[in-house]
Amino acid sequence: MSTPAAAARLRDRLTTASMVGPALLLFVVMLVVPVGLSIYLSLTDWNGYSANPAIVGLQNYLDLARSEEAIRAGWVTLLIAAVGTVLLSVLGLGFALLVNGASRLNAFFRVVLFYPHVLSALVVGFLWSAVLGTSGVVNGFLTSKGAEVLPFLSNPNWALASLIGVLVWAGFGVNVVLYLAGLQTVSRDLLEAARIDGASPRQTFLNVTLPALAPVVTVNLVLSLVTLLKTYDLVVSLTGGGPAGSTQTAAYLILWDSFHNNALGFGSAQSVVLMLVTAGLALTVARLRSRVDQGVKA
Amino acid sequence: MARSIGALAAIAILVGAAGCGGGFSDEGSAGGPTGEVRMLVNITPNLTKGYWEELVKPFEEANPGVDVKIEAPTGQGVKDTLPQLLAAGNAPDVVETLMADKTLAPQMLELTDQAWTKDTPLVEQAALDSKVYTVGVGQQAQSLVFYNKEAFAKAGISEPPKNLDELTAAMGKLKTAGYLPLQTAGDYVTGLQLLQLSDPSIATKHPDWYQQVNSKQLSVGQTMLPLLQRYESWIENGYVDKNALGLDDVNAQTSFLTGKSAMYIMGSWFVRTAESQKPTFDLGVFAAPTEAGQPYPGPQGVTMAAPYMVLKSTKQRDLAVKLVEWLVSDQEAVQSQLAQDGNFRKGFTDKLTPLGKQVQDILDQAPKHVAQGEGYGANTLPQGFNGEWNKAVQSLYTGKSAPDVAKRIDSWMGSKS
Amino acid sequence: MSVIRLPRVKTEVVRPKPVRLKGGGRIAFLVVTSVLMLVPMYLLVVSAFKSQQDILTHPFSLSPDLLTTEYLQKAWTNPDFNIGKGYAVTALFVVSVNILSVALAGPVSYVIARRTERRYRVLLLLFVAGTFIPSQVLVIPVVYTLKFLGLMGTIPGFVLFETTLTLPFSIFLYAGYIMTIPASLDEAAAVDGAGKHRIFWSIVFPLMKPAVVTMVILNTFSVWNDFVNPQIILGPGSGLYTVTTGVYAAVSQYSTDYTVVFPTLLLAVAPLLVIFVLLQRHVISGLTAGATKG
């Protein structure tokens, strides 16, 4: 009696395993193991060449806590992520509302807003440095008109603003598309009902559209945040981390320390911290948002 | 499940530890008379992949069955790429551009008993504890100031400044004459120029600067402070462009070669770039000035051009050594490399251009040739110094003072010992 | 800026009838934005036809006597970077990664979506945690792992790693999407005696097409534009390069010769851009379709 049931259960388990197994195996081998390796390397003094790196315990983490440069890179990364996430979400939603609708003109605008995503960050950074550099297009124009040069890439604050600006320029098309998708899910009936009830457009937006968009907002926030915390390619091609190292992000500094300073152990410690911070922030945002969602529904 | 994730992580770490423990203790072998030799090279506008392939062709023709495979770096340069290739167990046989230091030397083949190395430039200076790992094709002069003779004439400067006070004074006159006195740029240029400028005066004042810095009798920041303060005053007076950090090296070269700025501090490789762009003004060059009271010309910063090393792990040791010997000794190969990248070597002066001749004279007249920045051989600073110095110097443009910069570089030096 | 306009625009949300030029301010604003969006592209195109000097001194000029196709031809025949080959290799990677990604992420998402046990929640969390990993800082560990498996510098090694990077978000999106597909459908099929694999591929999978399309589009862009990973995993020894790493090799950080840079970049991005513009309706609606439910 129990044997066929047990056999069925076994078969069920094997089937499940065959569906989960390949993806899980690949994930563990290609991502979990390298992360484990990173943790191990972060406990050593490895310089990238020596055959037998010595275990130094938590020394790299202590150095990290004392490194002004690494702490600064951490703050720069957080600033980029925070400001960038807000801008991407606001512009994404704003433009989604502006180009929502089936006209040809809107289709054109959607393409124009989205196309930078087709270009790699490397190409984007390169193009913008030709536009914003001291002898770039904008400044060439200003000089020819006898005006002062603007320090887009040569002043630390401007350079950081330029970096964020270009990140947003290149990325917000994706947010527009995601919000456009969200707008399709807003119930027509509810909107119509609100209108008939005499709700002002603002009230309708706040009370009907926005709550319906809540899940899309969460996805947007988390995606933007996670992507921006990894910013690397654009730093390489737009500012090279400069001026004076003021636009070095965490990912940039990790690769710099690992290979230019031959401090792979120290670089690995920074990687581990970056991963933990990213996970922590993303989960916090997701949790806060889900509380907001529930609050809205209640 | 949480427990199994913990177990996964533990396994991952163990696998990792086992993976790394292997290290690169590969001893390599002599190899046969034919086969493939892989060479990792630096790629620049002057030194394209096509150039390198042309360069080694005569070697391949003279050695039938030998194929020299030129490999361009994949990372941000040779320095990033080599450790990645070593980790991948896919190391090249020969590497160009890097010089042996304490970190790299254990991976490299010792060439001390190869007789031909004796005749290569800077070989003794680059040796580590008198062991030769790195051989080069020629020399690069570093402490050079290229200048626009027309601008100098207009500003009423009759001869190039010999000391730094005269240099500052000349800048004032050039500015009055409507020129940007000194061209600089962001990227790597800012820090490099100041190092190049510092070589003569620092080496005069502290002949054993590297040793004293490494034994902590001197600090980099303190010895560089006067020059940093001077540079700070140049920024304040508009002798350099306060927005220069938004330029790259090409922007800077263009600006100088189109006559907008009067001086450009750069190494001898700039000779080739400058001549290929045919500036409309008369271009001159003088050795970097010294401090007032020091003899002029002072010691010249000199680095090895096209340094080559053979990796210890090579399976084609004999061929790789033969290739490197040919690259640094064969008349035509040497001549080609010198011309291609604006480098210099004794006995190879016939084909120099007029500007090249002037640089050769500066090299000949310098009382001493000295290392610069990270340096080589017995005169080295920790890996990464040049990059950190560059960032520190750039911060003069972003509101930091000269003492701040000195402190920043000293604190970095402190963290490296 | 856009916030001010929300009230008026919102009415268009209610009735998305074709917008006539009545929102003149809206159109003007969008036109200005479009110009801002297109300026770098314009520069890229015109600079590909100019000399170094003219790029630096007359960047915007379209004067015919400045323009030449000389540099474009040179870029096309660059011995260091065969653009045609780069395209072929990259396209091969894109196709392989997409197929493998769907084949692996699909079934596991189905299990996660249908099973209620806690451990499957944890499994989902584990996968989603993968999105927090910045792959470019894992260079050396990944190199070691691939070397250990004998896959370093090989096409399978690169495809497998790149596929792994697509898994976290794919599984997140697919699992969410499958949850919106009524389980009664597959229960009915189970009664008919179909196995789990069959049920997934023949019943659930066709229904989740919008989510798959979305992921395929996203993954295509990310594989196509990835820079650090192909550069390191394929390495200089393999002789393989994607469009992006090929551009970098041809342009390289040292090479600031704009007559090489701009034509190469133009050749590298033009075909993909043309394809995107031709297919834009499908790409954008494809992206929106899958994201709607997930």
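Here is the naming used below: chain letters follow the sequence lines, and residue numbers restart at 1 for every chain.
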S.K.: Quick one: are A/Ser38 and A/Leu41 in side-chain contact, heavy atoms under 4.5 Å?
M.R.: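 Side-chain contact under 4.5 Å: no.
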S.K.: Are the side chains of A/Leu281 and A/Leu78 in touch, meaning some heavy atoms are under 4.5 Å apart?
M.R.: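 Contact flag for A/Leu281/A/Leu78 side chains = yes.
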S.K.: Taking the side chain from B/Gln394 and the backbone from B/Asp187, do they hold a donor-acceptor pair closer than 3.5 Å?
M.R.: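 At least one qualifying donor-acceptor pair exists.
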S.K.: Just so I understand: if I count every heavy-atom pair under 4.5 Å between each of A/Gly240, A/Ala263, A/Pro151 and chain B, which residue has the most?
M.R.: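 Looking at each of A/Gly240, A/Ala263, A/Pro151 in turn, A/Pro151 comes out on top.
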S.K.: Within residues 381-392 of chain B, which positions have a heavy-atom distance to chain A below 4.5 Å?
M.R.: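 Residues of residues 381-392 of chain B touching chain A at under 4.5 Å: B/Gln383, B/Gly384, B/Gly387, B/Glu388, B/Lys391.
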S.K.: So among A/Leu253, A/Ile254, A/Leu255, which one has a side-chain contact (heavy atoms from CB on, under 4.5 Å) with A/Tyr232?
M.R.: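 Per the side-chain contact (heavy atoms from CB on, under 4.5 Å) rule, the option paired with A/Tyr232 is A/Leu255, out of A/Leu253, A/Ile254, A/Leu255.
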S.K.: With only heavy atoms counted, which part of A/Ala159 is less than 4.5 Å from chain B, the side chain, the backbone, both or neither?
M.R.: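 Nothing of A/Ala159, per the 4.5 Å heavy-atom cut-off to chain B.
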S.K.: Name the region of A/Trp158, side chain, backbone, both or neither, that has any atom closer than 4.5 Å to a heavy atom of chain B.
M.R.: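 No part of it gets close to chain B.
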S.K.: So, A/Asn60 side chain and A/Ser42 main chain: donor-acceptor pair closer than 3.5 Å or not?
M.R.: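 Yes; judged by distance alone, with no hydrogens or angles, the pair exists.
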S.K.: B/Leu247, B/Leu82, B/Thr190: which one forms the most heavy-atom pairs within less than 4.5 Å of chain A?
M.R.: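 Going by pairs under 4.5 Å, I would pick B/Leu247.
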S.K.: Is B/Asp93 reaching over with its side chain to a backbone N or O of B/Val310, donor-acceptor style, under 3.5 angstrom?
M.R.: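 Not confirmed, B/Asp93 side chain does not pair with B/Val310 backbone.
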S.K.: So with a 6.0 Å cut-off around NZ of B/Lys260, is the heavy-atom count from everything else above 12?
M.R.: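 For B/Lys260, atom NZ is crowded (more than 12 foreign heavy atoms under 6.0 Å).
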S.K.: Is there side-chain contact between A/Glu69 and B/Arg408, with heavy atoms separated by less than 4.5 Å?
M.R.: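 Side-chain contact under 4.5 Å: yes.
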S.K.: Heavy-atom distances under 4.5 Å only: say whether A/Glu68 touches chain B with side chain, backbone, both or neither.
M.R.: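 No part of it gets close to chain B.
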S.K.: Heavy-atom distances under 4.5 Å only: say whether B/Leu396 touches chain A with side chain, backbone, both or neither.
M.R.: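 Nothing of B/Leu396, per the 4.5 Å heavy-atom cut-off to chain A.
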S.K.: Taking side chain as everything from C-beta outward and backbone as N, CA, C, O, which of these in A/Val29 sits under 4.5 Å from a heavy atom of chain B? Side chain, backbone, both or neither.
M.R.: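 It is neither, since no heavy atom gets under 4.5 Å.
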S.K.: Do A/Val273 and A/Val277 have side chains that approach each other closer than 4.5 Å (heavy atoms only, starting at C-beta)?
M.R.: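 SC-SC contact between A/Val273 and A/Val277 confirmed.
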